[in-house]
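Keep in mind that the numbers below use all heavy atoms, side chains included, and drop hydrogens, waters and symmetry copies. Only a predicted model underlies this, so the values are computations on that prediction, with no experimental measurement involved.
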Number of protein chains: 2
Amino acid sequence: MNTVPRSVPLNRLQKAAADPVETTDTKSRILDAAEELFMEHGFEATSLRLITTAAGVNLAAANYHFGSKEELFQAVLTRRLDPMNRDRVELLSSYEAAAGKQLLTCEKILAAMFIPALKLARDHETGGKNFLRLLGRAYADPAPFIREFLSSQYSEMIARFRAAFSKALPHIPREELSWRLHFVMGALSFTLAGTDVLKVIGQYHPEEVGNDELILKRLAPFLAAGLRAPVANADSGRELGF
Amino acid sequence: MNTVPRSVPLNRLQKAAADPVETTDTKSRILDAAEELFMEHGFEATSLRLITTAAGVNLAAANYHFGSKEELFQAVLTRRLDPMNRDRVELLSSYEAAAGKQLLTCEKILAAMFIPALKLARDHETGGKNFLRLLGRAYADPAPFIREFLSSQYSEMIARFRAAFSKALPHIPREELSWRLHFVMGALSFTLAGTDVLKVIGQYHPEEVGNDELILKRLAPFLAAGLRAPVANADSGRELGF
DNA sequence: GCTCATTTCAAACAAACGTTTGAATAGGGC
DNA sequence: GCCCTATTCAAACGTTTGTTTGAAATGAGC
């Protein structure tokens with residue numbers, strides 16, 4: 001059922017004029033269309049009919065190749081998430097090897113998180129950008145199957161980076177560090193998910209929106225400073241009224 | 001159509017045994033049930049039948065009182081968001097008045113953002129907590145009517161707080177400050193939306209999860225340090241490989 | 001050129017969706 | 001006690017949903 005297709009199907013009926021050369025196979029075309037539409041409308045609001053029509057394939061092809069809508073969504077995520085997280089861990093390991101006995105800075109560890117995401121945004125043209133936004137949205141999705149899937153996909157990579165931050169910030173207690181890592185992931189995913197979120201903040205800078213490189217270059221120093229912040233004691237916040 | 005109901009309806013048929021005293025009117029019961037269910041399943045995945053059944057009212061009551069599902073969702077948000085953002089602005093003004101000619105610290109301005117949220121989480125018992133999570137989720141929802149609604153609801157409050165941060169951090173360029181404010185809102189909403197998100201990070205601390213006060217006491221110093229971070233120059237990140 | 005597993009396709013499935021309808025019920029104002 | 005408006009209710013509306021079915025088409029291996 002999940003083997004390599006024998007040949008490239010030739011259903012050029014619908015969009016032959018608009019897109020004369022259809023190189024990719026049915027499975028990939030469904031994944032590409034699903035990635036874009038899930039990003040645009042969310043999981044629940046995107047129908048299989050919308051996806052298969054955009055992909056120019058038959059409706060039943062989605063269930064034939066992926067089993068169900070949920071499995072299709074997971075396949076969309078896995079396709080890019082798996083390699084990206086592998087890259088992150090490998091990059092972190094290479095940094096640690098290069099540093100030898102010296103400690104890595106927070107900025108360097110953050111770079112190991114960001115650079116594979118940037119590579120994704122650059123390499124696959126529009127597709128990569130779509131995926132990063134989709135990923136940010138998936139983080140906030142309440143559907144149990146999405147949460148469990150992301151949890152399993154991220155657990156190794158998160159554990160690896162927490163260990164790295166723990167070495168870089170030995171004065172931060174484990175518990176506090178877990179929270180700060182949580183804040184880092186939050187700011188990162190929220191930023192990547194933001195398309196027109198900027199309207200909320202106002203001060204729209206069209207030349208920067210969509211330029212993830214510039215945005216992450218602003219985010220890294222912000223997060224590094226937060227990670228290094230002095231740990232609040234028990235009375236912190238009391239004077240502020242908390 | 002939107003006037004005060006003449007009397008409290010007495011449809012105690014469904015849940016009289018479980019909840020013998022039904023004090024609230026139909027409209028409020030729908031809002032309460034919708035708040036919890038939208039939080040749990042998201043907007044698209046929550047049906048009006050689910051909401052009205054949980055509220056113990058007739059299906060048609062939702063459309064009768066609110067017009068449509070979208071308007072119901074907006075009503076759920078407005079009910080608590082409007083007073084909360086008003087509180088935030090008033091609190092900020094009172095801080096500024098008390099400080100006189102002295103500048104407010106970032107922590108103090110952040111406190112003006114956090115305290116009304118904490119009040120909401122505390123006052124309305126479970127209801128308030130549900131709402132804060134719902135709000136965090138709504139931030140990441142791609143539905144246009146949600147984005148436009150939030151944008152209009154937040155614009156005044158955001159503008160007010162940007163001005164305050166701008167005074168407190170005169171050395172940060174306007175553009176950079178807009179981004180940092182964006183990161184702040186991201187970390188805040190992501191944190192408030194997090195129920196089992198902590199599983200992603202691991203290091204589950206059950207005694208702290210759900211205790212928003214403790215969480216925000218950890219978040220404020222993190223964000224304040226990030227806001228004060230030195231501004232990156234053009235070559236920043238290059239040495240890190242960006 | 002026949003075989004056969006793989007893939008495509010049109011059609012249909014039951015279920016669930018948001019919304020509307022028109023009658024039944026309620027209760028304050030006179 | 002009757003009028004009138006507000007509300008509740010059961011039922012049905014027409015769509016749309018994810019999924020399944022069985023036949024048609026495809027193309028490499030022999």
task = Specify whether B:His182 and A:Phe190 have parallel, tilted or perpendicular ring planes, treating 30° as the upper limit for parallel and 60° as the lower limit for perpendicular.
result =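 Rings of B:His182 and A:Phe190: tilted, 30 to 60°.
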
Can you tell me how far [atom2] of [N] sits from [atom1] of [X], to the nearest Å?
X: B:Ile30; N: D:dT8; atom1: CD1; atom2: C1'; value: 11 Å
X: A:Asp25; N: D:dG27; atom1: CG; atom2: C1'; value: 16 Å
X: B:Phe66; N: C:dT19; atom1: CZ; atom2: P; value: 13 Å
X: B:Glu71; N: C:dG18; atom1: CD; atom2: P; value: 14 Å
X: A:Phe38; N: D:dG18; atom1: CZ; atom2: P; value: 9 Å
X: B:Glu44; N: C:dG18; atom1: CD; atom2: P; value: 9 Å
X: B:Asn58; N: C:dA26; atom1: CG; atom2: C1'; value: 15 Å
X: A:Leu48; N: D:dT16; atom1: CG; atom2: P; value: 15 Å

ask   = Checking salt bridge (Lys or Arg N to Asp or Glu O under 4.0 Å) against B:Glu35, which of B:Arg133, B:Arg79, B:Arg137 comes through?
value =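 Going through B:Arg133, B:Arg79, B:Arg137 one by one, the salt bridge (Lys or Arg N to Asp or Glu O under 4.0 Å) with B:Glu35 is satisfied by B:Arg79 alone.
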
ask   = Is a donor on one side and an acceptor on the other found under 3.5 Å between the side chain of B:Ser151 and the backbone of B:Arg147?
value = no

inquiry  = Using ring centroids (six-membered ring only for Trp), state whether A:Tyr139 and A:Tyr154 fall under 6.0 Å.
reply    =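 Between A:Tyr139 and A:Tyr154, which both carry aromatic rings, the centre distance is below 6.0 Å.
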
Any side-chain N or O of [X] under 4.0 Å from OP1/OP2 of [N]?
X: A:His65; N: C:dT8; value: yes
X: A:Asn63; N: D:dG18; value: no
X: A:Thr26; N: C:dT7; value: no
X: A:Ser47; N: D:dT16; value: no

query = Taking the six-membered ring of A:Phe114 as reference, does the NZ or CZ atom of A:Lys119 fall below 6.0 Å from its centre and within a 45° cone about the axis?
reply =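 No, a cation-pi geometry is absent between A:Lys119 and A:Phe114.
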
inquiry  = Under 4.0 Å, heavy atoms only, any strand: does B:Ala60 hit a base, just the sugar-phosphate, or nothing?
reply    =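 Base, at least one base heavy atom under 4.0 Å.
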
message = Considering every strand and a 4.0 Å limit on heavy-atom distances, what is the contact class for B:Thr46: base, sugar-phosphate, or nothing?
response =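 Here B:Thr46 touches the backbone only, sparing every base.
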
key: Which residue lies more 5' along DNA chain C, comparing A:Leu59 with B:Gly67 via nearest heavy atoms   =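 Nearest nucleotide further toward 5': that of A:Leu59.
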
message = If you assign each of A:Ala45 and B:Arg49 to its closest nucleotide in DNA chain D, which residue comes earlier from the 5' end?
response =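 It is B:Arg49 whose nearest nucleotide is closer to the 5' end.
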
